[in-house]
**Q** 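The following block contains the structure, expressed as structure tokens.
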Amino acid sequence: MVQFHEHIISDLLEEEPNSKNNGGLVILSSGLALHKLISSLLTLHSSSQGTLLILNSTPSQRSSIIQSLELQNHTKLPLEITSELSQNHRHSLYTSSSAFFITSRILIVDLLNSKVPTSLIAGIIILNAHNLTETCTESFIVRIFRGLNKVAYVRAFSDKPNGMVSGFGKTERIMKCLFMRKLHLWPRFQVYVSQDLEKDPPVVIDVRVGMSGYMKGIQKAVIEAMDACLKELKKTNKVDVDDLTVENGLFKSFDEIVRRQLDPIWHVLGKKTKQLVMDLKTLRKLLDYLVRYDAVTYLKYLDTLRVSEGVRSIWIFADSSHKIFEFAKKRVYRLVQANGEKLTVPNKSVGNKKKKVKEDTSNEKEVTNTTSGVVIEEVLEEAPKWKVLREILEEIEEERLKQAMPQEGEDITDYADDDNGIVLVACKDERSCMQLEDFVTKGSRQVMRDEWEKYLRDKTGLHGLQARKGKKPRNPKGVGILDGKIPVMSRENVEATSVSKLEHGALLAAASGIKNLSKDETAAIGDDPQPQGGSKGRGKGKGKGKSTESQGNAKVSPSKEVSTRITRKRKSTMSKVDNESGRSGSNPVDSEVLREDTEKSESVNKTALPFHDEEVNATEFAHVKPLPIVHFFALDSDQHILDILKPTRIIVYHPDMTFVREVEVYKAENPLMKLKVYFLFYEDSTEVQKFEASIRRENSAFESLIRQKSLMMFPLDQDGHCVGPTTSIEPQGLTSQNSLTRKAGGRKETEKVMQVIVDMREFMSSLPNVLHQKGLRIIPVTLDVGDYVLSPLICVERKSISDLFQSFASGRLYTQVETMVRYYRMPVLLIEFSQDKSFSFQSASDIGDDVTPTSIISKLSLLVMHFPRLRLVWSRNLYATAEIFASLKSNQDEPDLEKAMRVGVPSEEGIIADDVRAETYNTSAVEFLRRLPGVTDSNYRALIDGCKSLAELALLPIDKLAELMGGQKAARTLRDFLDAKFPTML
């Protein structure tokens with residue numbers, strides 16, 4: 001354990017004797033091994049203290065904590081309490097004096113049902129405190145828990161300081177709702193933390209890689225477009241201009257900052273302002289993907305943007321936007337005439353005067369022999385970091401070979417006993433890991449070639465789909481672009497025809513050529529297959545690197561040697577490593593590209609991705625040097641593998657502040673290890689700016705928290721009861737009912753406790769918490785009809801705005817309202833708005849006079865017309881809902897729990913109690929009618945009103961049926977069914 005973790009634990013434990021101040025809120029810098037701190041607290045927990053409950057944990061945090069406990073040889077690992085366990089089983093676990101992970105919804109339901117022995121609970125640990133609010137379920141749990149157990153501790157933890165300073169006084173409000181009075185701040189610049197992490201730091205090598213000319217041009221153009229969007233947003237006078245900076249726009253939190261300011265007036269904003277907010281998000285992705293992905297993938301993402309946002313987007317019409325698309329194409333290909341001359345097309349833009357890229361202009365070129373066509377010349381610019389990464393890997397292996405000094409005939413990996421020889425390469429996401437893996441094993445040229453071929457195949461697939469939808473081509477097969485070329489027109493025609501048509505045709509021609517080439521190679525493939533390729537040197541070369549491993553008498557090329565060694569090491573080492581994280585959906589490519597990449601890899605669920613045993617371009621690897629054992633790690637997976645792999649060389653391919661802190665903690669825990677860390681930055685890029693800005697933002701967040709800590713004020717009566725207007729009267733009400741006495745002068749009147757029956761699924765929302773604060777007694781049960789039962793007559797179906805739209809789209813709301821109308825006298829549809837958003841669906845100008853199927857107002861109007869007894873209740877926020885519930889219950893009887901649970905559930909005889917519809921209609925006949933062919937939900941009511949019985953229905957003529965059922969087809973279907981002959985055995 002690092003020293004500052006011991007200080008944190010001692011600060012928490014020294015308050016244990018004081019029962020009123022036990023617990024507190026701990027905020028650490030991100031990356032300071034919060035999972036190890038929690039595992040240390042679990043190790044110190046003894047069964048004699050009682051049961052320990054851990055709330056609000058994510059799956060990755062649970063796996064990291066259990067993994068850390070396993071490394072400490074902890075025998076009693078915490079289990080997870082889920083809803084699949086029965087109440088009796090959960091009660092036995094609560095009394096077992098162990099540590100458990102549990103969800104907030106399960107715990108609050110068990111607390112309200114008195115299924116938790118609170119006297120046997122030692123304490124509660126709450127993770128991710130930055131996600132808490134005043135109305136969250138965790139604060140509900142602590143309020144009830146504190147009222148029943150004033151001795152147990154409650155500790156909350158967070159490693160996201162930026163999330164604790166968003167909003168006004170967020171930290172103080174969270175501490176008040178959790179009944180805490182102690183705040184522990186542990187930034188990176190804290191004395192104990194800096195001493196531990198800087199005592200024996202690793203060797204750090206900062207490698208600055210220059211971006212290519214086109215990458216610089218794209219970055220400059222994107223920043224100019226982002227600056228133009230910010231200037232337009234400032235003109236609206238709706239947002240605080242201090243927050244509108246390009247540096248803030250580099251972070252995801254910028255969207256939250258802008259939306260938090262615009263949400264209250266979102267319904268009155270124009271389309272332009274709303275689109276500007278979306279455009280800033282898109283431009284931030286463009287900057288991020290520029291330094292993260294290869295040129296072909298970046299171009300493909302731009303193509304998808306042009307299709308999806310071409311009309312709506314504002315940034316596409318900015319002055320600098322054409323440079324983004326132009327430079328992105330020049331990184332991949334250029335348009336030339338078939339005789340090799342450059343295609344000169346008049347262009348008004350000045351942005352075309354850019355020098356050509358040096359690195360990859362020597363790549364293969366698809367040129368037709370004819371001189372009368374336009375073809376695509378491949379550029380396929382590789383990422384500048386790739387070359388540097390290979391040089392670093394070669395340098396690392398050279399150093400290890402010098403240190404090991406193996407004797408003749410000795411395998412170079414024998415020295416891995418002291419130094420396991422593992423090099424960890426940290427990338428942003430799994431797609432980057434897979435591509436770098438292909439680069440190390442195949443080479444940059446082959447990787448770019450594969451991406452280029454996939455890009456062209458997608459182009460041809462899209463073109464084929466459009467061709468099938470459109471008219472048939474006039475030219476017969478084999479003419480035009482299918483020959484691999486398109487005819488060139490005269491200069492005047494070139495000016496008149498858009499260049500994009502020529503370009504599109506040339507891309508299709510190149511794709512057709514690749515398709516034909518792959519067919520020929522498939523047919524000609526033999527025992528010694530030649531790799532695909534266009535230019536010189538494509539063959540199965542032996543290479544000049546010395547091979548130290550062999551299988552039988554076969555010679556192994558240097559790259560095959562690397563792959564073999566990596567595969568062998570992976571089988572022995574990585575069997576212990578299990579990355580349970582799913583694939584992130586934030587990649588810039590569509591699912592089809594990811595699916596193709598996934599098919600190339602056996603498994604991406606392992607932290608270190610597997611390697612391919614494929615042939616490598618001999619010319620590219622002719623002078624290659626041996627490489628070390630490489631493991632690629634995705635930072636987005638939120639896994640902690642440093643303690644498992646124990647790498648001695650780490651290459652941070654995509655710099656990340658959190659991972660840097662993890663490396664510092666890893667080195668502090670292993671002071672004798674000779675650790676060397678390489679940082680790869682693009683020089684003068686937003687990558688450097690974003691990394692440095694993330695450190696500044698965290699430091700400023702802690703400075704703000706330090707100031708807030710000195711000014712915080714807490715009530716002195718933090719003894720388990722809410723203070724101020726949010727007092728809970730449930731404990732007092734229960735005790736006062738049992739203490740009725742006669743006093744001189746009269747009898748004390750019993751205070752009435754209002755009850756609300758709440759469906760179990762509603763505890764995902766914050767409304768039960770607010771109702772409990774209001775003084776209502778919450779009874780959680782599973783309801784088949786409605787969400788809240790206020791009285792024997794009133795049932796409420798609550799809908800948030802997003803849920804309302806989804807329920808209308810799926811038709812679920814119609815069924816829910818129908819069942820409420822059937823079983824309750826006063827069915828209520830509660831439409832609840834969010835507190836920080838506008839109290840309106842849309843602006844008044846967007847509401848039309850006519851009924852339209854897309855308008856939410858029209859849908860609500862039709863719903864009320866279909867169900868006249870339905871009542872609509874509009875609520876501005878949660879607190880307004882609590883006031884409305886209290887006023888609705890003022891003159892009503894308390895709901896009956898047994899009856900509420902039986903509503904909608906048929907008995908053993910098939911009879912449904914309290915069916916309001918049974919008083920007017922024969923429900924059995926109605927159910928039979930609804931199952932007849934041609935009868936739908938939209939026409940069965942008309943049939944009920946048009947005929948008195950099923951016998952009368954059977955005699956109605958088809959014209960009358962068509963009139964009632966709203967169509968001849970449905971009437972004919974029903975009539976054919978009624979007139980069908982009954983089959984007999986005679």
Side-chain angles (χ1 to χ4, degrees), residues 2-5 7-12 23-34 37 126-134 155-178 180-199 201 239-261 655-665 668 686 688-714:
V2 287
Q3 290 285 9
F4 68 88
H5 277 185
H7 288 291
I8 296 174
I9 293 175
S10 62
D11 285 352
L12 290 172
L25 173 61
V26 180
I27 303 176
L28 300 98
S29 288
S30 58
L32 293 187
L34 176 60
L37 178 63
I126 302 174
L127 302 181
N128 300 312
H130 51 276
N131 292 330
L132 303 182
T133 60
E134 292 173 294
R155 296 167 183 159
F157 296 86
S158 173
D159 58 354
K160 298 290 187 293
N162 291 321
M164 299 299 295
V165 294
S166 61
F168 179 74
K170 181 176 180 179
T171 306
E172 184 175 352
R173 287 186 280 113
I174 289 176
M175 293 179 67
K176 283 183 178 179
C177 70
L178 295 180
M180 294 177 178
R181 297 174 58 186
K182 188 72 175 176
L183 176 62
H184 307 272
L185 299 177
W186 291 89
R188 171 63 179 81
F189 55 82
Q190 208 269 354
V191 177
Y192 294 126
V193 179
S194 59
Q195 283 179 355
D196 283 351
L197 300 185
E198 296 171 7
K199 187 188 301 181
V239 189
D240 185 6
V241 293
D242 295 336
D243 295 328
L244 298 184
T245 61
V246 176
E247 182 175 296
N248 286 340
L250 300 177
F251 297 92
K252 289 183 179 179
S253 58
F254 180 75
D255 302 332
E256 182 185 347
I257 293 172
V258 176
R259 285 302 299 263
R260 189 169 59 240
Q261 298 185 38
D656 182 76
M657 180 187 66
T658 303
F659 184 70
V660 171
R661 303 270 173 75
E662 292 177 5
V663 173
E664 288 182 312
V665 174
T686 54
V688 181
Q689 186 180 0
K690 186 176 180 180
F691 179 75
E692 295 173 349
S694 62
I695 299 176
R696 288 196 301 269
R697 281 160 53 88
E698 185 182 88
N699 290 340
S700 63
F702 270 110
E703 291 170 3
S704 174
L705 288 171
I706 292 170
R707 288 193 299 269
Q708 289 182 33
K709 183 179 179 180
S710 62
L711 301 174
M712 283 182 180
M713 298 179 63
F714 298 102

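Values reported hereafter were calculated over all heavy atoms of this structure, with side chains retained and with hydrogens, waters and symmetry mates removed.
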**Q** In terms of the angle between their ring planes, are Phe189 and Phe702 parallel, tilted or perpendicular, with boundaries placed at 30° and 60°?
**A** perpendicular

**Q** Could you give the distance from CZ (Arg173) to CE (Met175), rounded to the nearest 0.5 Å?
**A** 13.0 Å

**Q** Write down the atom of Ala701, the atom of Asn162, and the distance for their closest heavy-atom approach.
**A** CB-OD1, 3.4 Å

**Q** Are the side chains of Val26 and Arg155 in touch, meaning some heavy atoms are under 4.5 Å apart?
**A** no

**Q** Can you check whether Glu698 reaches Arg661 side chain to side chain, under 4.5 Å on heavy atoms?
**A** yes

**Q** Under the 3.5 angstrom rule, does the side chain of His5 hit a backbone N or O of Leu32 as a donor-acceptor pair?
**A** yes

**Q** To the nearest 0.5 Å, tell me how far Ser29 OG sits from Gln190 CD.
**A** 9.5 Å

**Q** Is Asn128 reaching over with its side chain to a backbone N or O of Asn131, donor-acceptor style, under 3.5 angstrom?
**A** no

**Q** Identify the heavy atoms of Ser158 and His130 that sit nearest to each other, and give their distance.
**A** OG-ND1, 2.8 Å

**Q** Quick check for you: to the nearest 0.5 Å, what is the distance between Phe157 atom CZ and Leu12 atom CG?
**A** 5.0 Å

**Q** Would you mind reporting whether Trp186 and Asp11 have side-chain heavy atoms less than 4.5 Å apart?
**A** yes

**Q** CD1 of Ile126 to CG of Leu178: how many Å apart, nearest 0.5 Å?
**A** 5.0 Å

**Q** Quick one, Glu703 and Arg707 - any side-chain contact, counting heavy atoms below 4.5 Å?
**A** yes

**Q** Do any N or O atoms from the side chain of Asp196 and from the backbone of Val2 form a donor-acceptor pair under 3.5 angstrom?
**A** no

**Q** Report the distance from atom NZ of Lys690 to atom CZ of Arg697, rounding to the nearest 0.5 Å.
**A** 10.0 Å

**Q** side-chain contact (heavy atoms from CB on, under 4.5 Å) with Leu25: which of Leu132, Leu185, Thr171?
**A** Thr171

**Q** Taking all heavy atoms of Ile174 and all of Met164, pick out the closest pair and write down the distance.
**A** CD1-CE, 4.0 Å

**Q** If we ignore hydrogens and angles and just use 3.5 Å, is the side chain of Lys170 paired with the main-chain N or O of Gly163 as donor and acceptor?
**A** yes

**Q** If every non-hydrogen atom of Val665 is compared with every non-hydrogen atom of Gly31, which pair is closest and at what distance?
**A** CG2-O, 3.9 Å

**Q** On a heavy-atom basis, which atom in Pro161 and which in Ser30 lie closest, and how many Å separate them?
**A** CD-N, 4.5 Å

**Q** Distance check, rounded to the nearest 0.5 Å: Tyr192 atom OH versus Leu197 atom CG?
**A** 14.5 Å

**Q** Check this for me: does any side-chain nitrogen of one of Arg188 and Glu198 sit under 4.0 Å from a carboxylate oxygen of the other?
**A** yes

**Q** Just so I know, are the side chains of Leu37 and Leu34 near enough to count as touching, which here means a heavy-atom distance under 4.5 Å?
**A** yes

